[in-house]
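What follows is a set of notes on a single structure, which appears directly below.
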Amino acid sequence: CSSPAAFEELAELLGVEPQLLEALLSTRRRVMPRGSEVSSPLSPAQAKELTESLARSIYEVLFKWVLRHVNCASSVHDDCPFVGILDFSGFEAFQFNSLEQLFINYCSERLHQ
């Protein structure tokens, strides 16, 4: 996150304590064969990769949630909920991405997989 306040807000939105979120994003916990747990710190690159993976997962869930609610609100027939609008010129990265840009980038990623 860009600041401690932003990190605390993220933790609040996720419903976890900031200390727990920090630990989850910076350490690897493994359960050994006899049941004991071993924790080891992640490298900065590993922590960044984990954080970006979490962000992509949150975006995917949010996108699906929005589509489900738009479909339910706009569906004429219960057996045919569908949103079929996609208009984008490609992936763009801005300093601050709006929700609309997030959806455009997500759709682009899904189409190119």
Side-chain angles (χ1 to χ4, degrees):
C1 280
S2 58
S3 70
F7 188 81
E8 288 182 14
E9 184 177 359
L10 172 63
E12 182 180 340
L13 289 169
L14 293 173
V16 298
E17 292 295 322
Q19 299 82 1
L20 176 60
L21 182 59
E22 182 178 5
L24 292 172
L25 295 175
S26 63
T27 58
R28 176 182 309 169
R29 295 177 62 193
R30 287 171 267 171
V31 177
M32 303 310 283
R34 295 188 180 183
S36 62
E37 289 187 18
V38 175
S39 293
S40 56
L42 295 175
S43 70
Q46 290 171 319
K48 181 180 180 194
E49 184 178 326
L50 178 61
T51 302
E52 289 174 353
S53 176
L54 175 63
R56 282 190 299 273
S57 295
I58 291 170
Y59 291 159
E60 181 175 4
V61 169
L62 176 62
F63 184 78
K64 288 178 180 179
W65 181 88
V66 168
L67 281 182
R68 188 170 49 252
H69 282 76
V70 167
N71 283 333
C72 288
S74 63
S75 179
V76 176
H77 305 287
D78 289 337
D79 61 341
C80 189
F82 177 71
V83 170
I85 300 171
L86 176 61
D87 181 21
F88 65 92
S89 59
F91 184 86
E92 298 179 68
F94 300 108
Q95 271 311 95
F96 181 80
N97 282 322
S98 66
L99 185 61
E100 176 186 8
Q101 188 64 43
L102 166 73
F103 291 154
I104 291 168
N105 291 345
Y106 176 78
C107 287
S108 177
E109 292 262 336
R110 296 298 287 188
L111 288 172
H112 289 97
Q113 288 183 352

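Hydrogens, waters and symmetry mates are skipped; everything else that's a heavy atom, side chains included, is used. Index from 1, following the sequence.
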Residues in side chain to side chain contact (heavy atoms under 4.5 Å, CB included) with [X], at least two apart?
X: E60; answer: K64, Y106, R110
X: Q46; answer: R28, L42, S43
X: V66; answer: L62, V70, F103

Determine all donor-acceptor pairs shorter than 3.5 Å in which one atom belongs to a side chain in residues 48-59; sequence neighbours excluded.
from	atom 1	to	atom 2	distance (Å)
T51	OG1	A47	O	2.8
S57	OG	S53	O	3.2

With sequence neighbours left out, which residue pairs that include part of residues 30-47 fulfil the salt bridge (charged side-chain N to carboxylate O under 4.0 Å, His left out) condition?
R29-E37
Per the salt bridge (charged side-chain N to carboxylate O under 4.0 Å, His left out) rule, what does the pair list look like for residues 16-27, sequence neighbours excluded?
none
Would you give the length of the straight line joining atom CD of Q19 to atom CG of L24, rounded to the nearest 0.5 angstrom?
11.5 Å
Rounded to the nearest 0.5 angstrom, the CD-CG distance for E8 and L21 is 11.0 Å
Would a hydrophobic clustering, with Ile, Leu, Val, Met, Phe, Trp and Tyr connected at side-chain separations under 4.5 Å, put V61 with F63?
no
Apart from V38 itself, what residues make up its hydrophobic cluster, given side-chain heavy atom links below 4.5 Å?
M32
